[in-house]
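Each remark here refers to the structure printed beneath this line.
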Amino acid sequence: MLRYLAKRGITYVFMIFLTTSAGYFLAVSSLKPALLEQERIPRPTPEQVASSMRLKGLDPDLSPWERYVQWLTGIVTRWDWGRSPNGAFINAEFGDRVWISTRLFLGAIILTLVIGVALGVYSAARQYKFQDRVITSYSYLAYIVPAPIAYFLVQLGAININETVGERIFFVTGISTPGMAPGWAQFVDMLAHYAVPTIAITLVGWGSYQIAQRQYLLDNVNADFVRTARAKGLTRNQAISRHALRVSFIPVAQSIAFTIPAIFAGGFFAEKIFAWPGVGSWSIDAIALQDVNAATATLAYGSVIFAIGAILADFATTLVDPRVRVQ
């Protein structure tokens, strides 16, 4: 299994390199930070703009290939992802923001996977009953409602709860209260800020897993191997949990590779709505500010997240499908 995962990991590293390189050429060809620099007041001269860009490694007079070689050399030799047009270092900006995004999405991803699969199994075992209809109807509704609208509705719900109670229980914006002393109070404050965005991302995300797990499990409930297990004395629930569930989880496990990046992509809107200064907000601002290096760094980050999701999907698949290990 480790050899199989190692081969897949090498493939993903090559894909990350190609995606990031292509993204850099696209960014350097379409984003023009020098033009924004010329709009400053007082208006700088073209020579001042060119000199400023050159000092930051953003020389507009170089060809895209020359800038790519310069940028790639800095990453390989010094792990330096360059600077923004405002002079900020990408490494420092990204390092601060990636931890914020990871803290926000990690809990939501785990809850999304666990709740979605569990409810899929629960509803499949109660096919066409009231519980199944309610859960599946909600999943389809969450699946079709755009994520920004769903996040906004959750935010409004938290505001209404605060107004009904008469005090602030949930924080609907920000990551922490400024000036909070370390200790128990700071921990409670952190949970209060985490609660609303985590709930919002989870409520939107688990619907697709519930639908998929329910459908795949129902496809296998009446399969020959399940009927054979029941003929040997197992109850319906025992046959489902020991045999049908494992087989039905294989395609769900493979979808992890696409769901984790999707949660991060949808989380870009969550960061904007809930005012979390993470990678998502930074990437949107980078495009608005014509920031070539920041836009490329966020693309590389997205590629790495996809690779991590794909490796996790491969790992989960090898656990439930021995044929993968043979191959």
Side-chain angles (χ1 to χ4, degrees), residues 2-37 49-103 105-106 257-258 260-261 264-265 267-268 277-315:
L2 294 178
R3 184 178 179 182
Y4 168 77
L5 294 177
K7 289 181 178 180
R8 298 288 287 176
I10 294 173
T11 302
Y12 295 137
V13 169
F14 183 67
M15 291 174 58
I16 292 171
F17 174 76
L18 291 180
T19 303
T20 305
S21 298
Y24 183 86
F25 280 110
L26 178 62
V28 80
S29 301
S30 57
L31 303 181
K32 306 296 181 183
L35 297 180
L36 272 184
E37 192 77 8
V49 172
S51 176
S52 175
M53 293 292 102
R54 193 176 301 110
L55 291 174
K56 299 168 186 174
L58 303 170
D59 191 350
D61 295 329
L62 296 178
S63 67
W65 173 253
E66 291 173 325
R67 291 179 62 178
Y68 172 75
V69 172
Q70 185 183 68
W71 170 80
L72 185 61
T73 301
I75 294 176
V76 173
T77 59
R78 304 184 305 275
W79 195 246
D80 182 6
W81 285 74
R83 300 174 67 179
S84 297
N86 61 6
F89 290 91
I90 300 298
N91 287 24
E93 291 282 326
F94 181 80
D96 293 337
R97 295 172 183 274
V98 71
W99 174 236
I100 294 174
S101 293
T102 301
R103 284 187 298 169
F105 298 131
L106 186 60
F258 305 99
I260 292 180
F264 272 87
F268 290 0
V279 175
S281 300
W282 188 47
S283 64
I284 296 174
D285 295 337
I287 297 175
L289 297 175
Q290 306 288 300
D291 193 337
V292 174
N293 292 332
T296 307
T298 56
L299 175 62
Y301 172 71
S303 300
V304 170
I305 292 299
F306 179 85
I308 292 174
I311 291 174
L312 290 176
D314 291 337
F315 178 72

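Quantities reported herein were computed from a predicted structural model and do not represent experimental measurements. Counting begins at 1 with the first residue of the sequence.
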Please name all residues satisfying side chain to side chain donor-acceptor pair (under 3.5 Å) with Thr20, sequence neighbours left out, ordered by chain then number.
none
Which heavy atom in Ser283 sits nearest to a heavy atom in Thr298, and how many Å separate them?
CB-CG2, 3.6 Å
Sequence neighbours excluded, every pair satisfying side chain to side chain donor-acceptor pair (under 3.5 Å) that has a member inside residues 286-295:
Ser84-Asp291
Quick one: ring-ring contact (aromatic ring centres under 6.0 Å, His included) pairs with a partner in residues 74-102, sequence neighbours left out?
Trp71-Trp81, Trp79-Trp81, Phe94-Tyr301
For residues Lys56 and Ser52, is any side-chain donor paired with an opposing acceptor at under 3.5 Å?
yes
Leu58 side chain near Pro85 side chain, heavy-atom distance below 4.5 Å
yes
Name all residues meeting the side-chain contact (heavy atoms from CB on, under 4.5 Å) criterion together with Ser21; count only those two or more places apart in sequence or in a different chain, and write none if there are none.
Phe17, Tyr68
For the CD1 atom of Ile311 and the CZ atom of Phe306, what is their distance to the nearest 0.5 Å?
10.5 Å
Residues in side-chain contact (heavy atoms from CB on, under 4.5 Å) contact with Ile308, at least two apart in sequence or another chain
Val304, Leu312
Might you point out which heavy atoms bring Ala294 and Ile90 nearest each other, and give the distance in Å?
N-CD1, 3.7 Å
By side-chain contact (heavy atoms from CB on, under 4.5 Å), Glu66 pairs with (sequence neighbours left out) Leu62, Ser63
Residues that Thr77 engages under side-chain contact (heavy atoms from CB on, under 4.5 Å), provided they are two or more places apart:
Thr73
Taking every heavy atom of Val292 against every heavy atom of Pro33, the minimum-distance pair comes out as CG2-CD, 4.4 Å
Under 3.5 Å, side chain of Thr19 to main-chain N/O of Ile16, donor-acceptor pair present?
no
Please confirm whether the backbone N or O of Val98 pairs with a side-chain atom of Ser101, one donor and one acceptor, at under 3.5 Å?
no
Side chain to side chain donor-acceptor pair (under 3.5 Å): which pairs involve residues 87-97, sequence neighbours left out?
Glu93-Arg97
Partners of Asp80 by side chain to side chain donor-acceptor pair (under 3.5 Å), sequence neighbours excluded?
none
Those residues at least two apart in sequence (or on a different chain) that pass salt bridge (charged side-chain N to carboxylate O under 4.0 Å, His left out) with Arg54 are Asp59, Asp61
Non-neighbouring partners of Ser281 that pass side chain to side chain donor-acceptor pair (under 3.5 Å), sequence neighbours left out
none
Review item, side-chain donor-acceptor pairs of residues 23-31, under 3.5 Å, at least two apart:
unit_1: Tyr24; atom_1: OH; unit_2: Arg67; atom_2: O; d: 3.3
unit_1: Ser29; atom_1: OG; unit_2: Phe25; atom_2: O; d: 2.7
unit_1: Ser30; atom_1: OG; unit_2: Leu26; atom_2: O; d: 2.7

